Structure formats: structure tokens, C-alpha cells
Undergrad: 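Please see the structure below; I have some questions.
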Amino acid sequence: MQPKNKRAIRTALQTLAAVAAVLPALAAVLAESDLAVTAPWAVAAAASAAAVAGIVARVMASPAFEALLDRFGLGLADTTPEDRPQ
């Protein structure tokens, strides 16, 4: 698997873990209110957030976007422009 894909998957998993940590508290609040019917929506929103984070991470790993980030000093710390495939 390419490092770019690994980074995107890791980002999606990290986002999913962060959202999952908040989800029980959100579910408790929803259960105590009249908004209990929105619980499935909250789970779908969590999954969507993780998917979008993974897609954004994959786009940011592209060489063109990396070059743009390098201009602002925000490129990957573990690679230099000379190390990246063209």
C-alpha cells in the first residue's frame, strides 16, 4: 500500500475515533430530549466526517498539493521535495 493511502486511512480512523469518543455523550443528550429520532443521523454524520477526512488527507498527499504546502512551509516533515516522486 502506498504511503499516501496509508496516511489517508490513518486520518479517517483518527477522525472516526475522535467522533466516537464524543458520540456517547451526544447520544445521552439526545436520549433525554425529544431529539432521540436524530440519533441515526448523528451516527451517519460521524461516518461521513471520517470519510471526508480520509478523502481530504488523500488529496493533501498528492504531489501538486504537497508542492503548494511546501511553499507555505507546511509540507510533510518526513520527506523533502527531492524525495517525492514526480
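These numbers were taken from a predicted model, which means no experiment stands behind them.
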Undergrad: Between atom CD1 of I9 and atom CZ of R58, what is the distance when rounded to the nearest 0.5 Å?
TA: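 I9 CD1 to R58 CZ: 10.0 Å, rounded to 0.5 Å.
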Undergrad: Do F65 and V56 share a hydrophobic cluster (ILVMFWY, side-chain heavy atoms under 4.5 Å, transitive)?
TA: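 Looking at the clustering, V56 is in the same group as F65.
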Undergrad: Minimum heavy-atom separation for A50 and L16, please, with both atom names.
TA: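 Closest heavy-atom pair between A50 and L16: CB-CB, 3.8 Å.
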Undergrad: Closest approach of A8 and G54, non-hydrogen atoms and distance?
TA: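 That would be CB-O, 3.4 Å.
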Undergrad: Give me the atom names and distance for the closest heavy-atom approach of T11 to A53.
TA: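 Taking every non-hydrogen atom into account, CG2-O, 3.7 Å.
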Undergrad: Drop me the distance from R10's CZ to K6's NZ, to the nearest 0.5 angstrom.
TA: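 The NZ atom of K6 is 9.0 Å from CZ of R10, to the nearest 0.5 Å.
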